[in-house]
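In what follows, a single structure is set out as structure tokens and then discussed.
Heavy-atom basis, side chains included; hydrogens, waters and symmetry copies ignored.
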Protein chains: 2
Amino acid sequence: MTPQPRTLDHPDRSEIRLEAVLHALSDPVRLQVVRFLADNGESSCSAIDLAVSKSTTTHHFRVLREAGVIRQVYRGTAKMSSLRREDLDALFPGLLDTVVHAYDAQAARPS
Amino acid sequence: MTPQPRTLDHPDRSEIRLEAVLHALSDPVRLQVVRFLADNGESSCSAIDLAVSKSTTTHHFRVLREAGVIRQVYRGTAKMSSLRREDLDALFPGLLDTVVHAYDAQAARPS
DNA sequence: AACGTACTACGAAGGTTATCGTACAAAAGC
DNA sequence: GCTTTTGTACGATAACCTTCGTAGTACGTT
């Protein structure tokens with residue numbers, strides 16, 4: 001009825017759990033998102049070319065947000081996502097960088 | 001029939017996948033196991049006091065083994081588990097230490 | 001051989017996840 | 001106001017995960 005400002009729930013820094021972060025990072029699609037954001041900074045959901053449908057994309061972004069890995073804000077019709085690097089680095093020093101590096105190492109692996 | 005030597009399947013180093021490792025680490029019980037093994041080295045399944053049944057314990061150890069996080073060998077009636085530190089460090093440098101450190105940081109967090 | 005210890009295999013229940021299609025909503029621009 | 005762009009909500013499905021109890025196997029000890 002009353003047009004709600006579109007807001008999104010984010011966990012406080014103190015609510016971010018290691019298990020939830022690791023689980024959020026344990027999916028190939030979500031890892032790809034994190035890898036992209038680590039390089040490109042704040043991006044819209046559609047800026048990343050994922051091999052899943054739009055509704056599935058929404059799902060994965062929500063998992064990342066609810067785990068505290070990314071922050072999302074509306075900007076016009078777009079929804080911009082960025083890594084919560086400060087929060088994650090404060091809570092779990094080195095984790096994000098290590099995982100991103102591990103992702104690259106795996107991608108470079110001779111299959 | 002013919003008494004099989006009890007063997008356990010482990011992925012080769014080259015078969016270890018980051019997603020599987022992160023998933024294995026995203027469970028509180030399994031994190032507790034990894035934390036224990038990081039300090040205590042090779043241990044039997046029953047050396048760690050987990051708040052789950054024996055069959056559930058078996059399940060979690062299997063997930064860790066199949067992901068390539070631990071190695072398990074039979075030693076008499078006991079089954080000894082240890083971290084595959086060399087393999088993990090070679091594939092994903094720093095990941096294990098970072099996760100263990102993050103686990104400790106979270107445990108020390110003022111709730 | 002009998003017993004105890006340590007762990008496994010199986011099957012099941014209950015919950016969660018990943019995926020999708022369809023229909024909808026909010027904002028920007030025409 | 002209409003259209004396009006961008007993303008959401010909902011419902012469904014199929015797969016998976018965690019958990020357990022029960023029954024069983026392998027090994028060492030007596």
Side-chain angles (χ1 to χ4, degrees), chain A residues 1-10 17 19-34 36-37 40 42-67 69-82, chain B residues 1-10 17 19-34 36-37 40 42-67 69-82:
Chain A
M1 301 295 138
T2 29
Q4 302 280 346
R6 291 191 293 168
T7 61
L8 293 161
D9 264 0
H10 292 81
R17 303 286 307 170
E19 305 89 299
V21 170
L22 291 176
H23 175 252
L25 297 176
S26 72
D27 179 277
V29 174
R30 295 193 292 262
L31 264 183
Q32 190 185 343
V33 170
V34 169
F36 185 93
L37 294 179
N40 300 85
E42 193 179 68
S43 310
S44 72
C45 294
S46 58
I48 313 174
D49 192 40
L50 300 174
V52 293
S53 73
K54 275 203 300 183
S55 41
T56 303
T57 298
T58 298
H59 161 71
H60 285 304
F61 273 89
R62 183 171 51 230
V63 171
L64 286 169
R65 172 168 47 81
E66 292 180 347
V69 177
I70 65 173
R71 192 173 293 284
Q72 297 188 287
V73 295
Y74 287 104
R75 192 108 71 214
T77 70
K79 183 161 138 191
M80 308 301 289
S81 300
S82 51
Chain B
M1 298 297 140
T2 30
Q4 302 280 347
R6 289 191 294 168
T7 59
L8 293 160
D9 265 359
H10 292 81
R17 302 287 307 169
E19 306 89 300
V21 170
L22 292 175
H23 175 252
L25 296 175
S26 72
D27 179 277
V29 175
R30 294 193 294 259
L31 264 183
Q32 191 186 342
V33 170
V34 169
F36 184 92
L37 294 180
N40 300 87
E42 193 179 67
S43 309
S44 72
C45 294
S46 58
I48 314 173
D49 193 41
L50 300 174
V52 292
S53 73
K54 275 203 296 184
S55 41
T56 303
T57 299
T58 298
H59 160 72
H60 285 304
F61 273 88
R62 184 172 49 228
V63 172
L64 286 169
R65 172 168 48 81
E66 291 179 349
V69 178
I70 65 174
R71 191 174 292 285
Q72 297 189 288
V73 295
Y74 286 105
R75 192 104 74 212
T77 71
K79 184 159 138 190
M80 307 302 287
S81 299
S82 51

Point to revise | Candidate nucleotides D:dT5, D:dT18, C:dC20, ranked by approach to the side chain of B:Val63 - the nearest | key: D:dT18
Point to revise | Any A:Thr56 side-chain nitrogen or oxygen under 4.0 Å from OP1 or OP2 of C:dC20 | key: yes
Review point. Rounded to whole angstroms, how far apart are CG on B:Asp9 and C1' on C:dA9?
Key: 15 Å
Exercise for review: Round to a whole Å and report the spacing from NZ of B:Lys54 to C1' of D:dG21.
Suggested key: 12 Å
**Study point:** B:His23 side-chain proximity, nearest of D:dG28, D:dT18, C:dC7
**Key:** D:dT18
Check your understanding: How close do A:Ser44 and A:Met80 get, heavy atom to heavy atom, and via which atoms?
Key -> N-CE, 3.7 Å
Study note, to complete from the structure: With sequence neighbours left out, the residues meeting side chain to side chain contact (heavy atoms under 4.5 Å, CB included) with A:Val63 are A:Ala24, A:Arg30, A:His59
Study note, to complete from the structure: Closest non-hydrogen atoms of A:Ala47 and A:Phe36, given as atom of the first, atom of the second and distance, are O-CZ, 3.9 Å
Check your understanding: Atom CD1 of A:Ile70 to atom C1' of D:dG7: distance rounded to whole Å?
Key -> 13 Å
Check your understanding: Quick one: is B:Ser44 getting a side-chain N or O under 4.0 Å of the C:dA6 phosphate, OP1 or OP2?
Key -> no
**Study point:** Partners passing side chain to side chain contact (heavy atoms under 4.5 Å, CB included) against A:Glu66 (at least two apart in sequence or in another chain)
**Key:** A:Arg62
Study note, to complete from the structure: The nucleotide from C:dC7, C:dG21, D:dC20 with an atom nearest the side chain of A:Ser55 is C:dG21
Point to revise | Interatomic distance where CD belongs to A:Glu19 and P belongs to C:dT16 [whole Å] | key: 16 Å
Practice item. Give the rounded distance in Å between these two atoms: CG of A:Leu22 and C1' of D:dC17. Key: 17 Å
Check your understanding: Roughly how far, to the nearest 0.5 Å, is CG of A:Leu25 from CG of A:Leu64?
Key -> 7.0 Å
Check your understanding: Separation of B:Glu42 atom CD from C:dA6 atom C1', in whole Å?
Key -> 15 Å
Practice item. Side-chain contact test, heavy atoms from C-beta onward, threshold under 4.5 Å: evaluate it for B:Val33 versus B:His60 and give yes or no. Key: no
Practice item. Taking the side chain as every heavy atom from C-beta outward, state whether B:Cys45 and B:Thr58 have any pair of such atoms under 4.5 Å apart. Key: no
Point to revise | Any B:Thr77 side-chain N or O less than 4.0 Å from OP1/OP2 of C:dT5 | key: no
Exercise for review: Would you indicate what A:Tyr74 reaches in the nucleic acid, counting non-hydrogen atoms under 4.0 angstrom: base, sugar-phosphate, or nothing?
Suggested key: sugar-phosphate
Revision key, fill the gap. A:Arg75 atom CZ is separated from C:dA28 atom C1', nearest whole Å, by 15 Å
Practice item. Go through the structure and list residues passing side chain to side chain contact (heavy atoms under 4.5 Å, CB included) with B:Ser82, not counting sequence neighbours. Key: B:Glu42, B:Arg71
Review point. A:Leu50 has an atom CG; how far is it from atom P of C:dT19, in whole Å?
Key: 10 Å
Any N/O pairs under 3.5 Å between the protein and nucleotides 11-13 of chain C? List them or say none.
none

Review point. When you measure from every atom of DNA chain C, which of residues 24-32 of chain B have a heavy atom less than 4.0 Å away?
Key: none
Check your understanding: Nearest nucleotide by nearest heavy atom, which residue falls closer to the 5' end of DNA chain C, A:Gly76 or A:His59?
Key -> A:His59
Check your understanding: Can a side chain N or O of A:Thr58 be found less than 4.0 Å away from OP1 or OP2 on D:dG7?
Key -> no
Practice item. With the side chain counted from C-beta on, respond yes when B:Phe61 and B:Ile48 share a heavy-atom pair under 4.5 Å apart, and no when they do not. Key: yes
**Study point:** Listed nucleotide nearest any side-chain atom of B:Arg62, set D:dC20, C:dT19, C:dA9
**Key:** C:dA9
Review point. Can you name the salt bridge (Lys or Arg N to Asp or Glu O under 4.0 Å) partners of A:Arg65, sequence neighbours left out?
Key: none
Review point. Nearest to the side chain of A:Ala78, which nucleotide is it out of D:dG7, C:dT19, D:dT19?
Key: D:dG7
Exercise for review: Kindly point out which of D:dT5, D:dC20, C:dT19 is positioned nearest to the side chain of B:Val52?
Suggested key: D:dC20
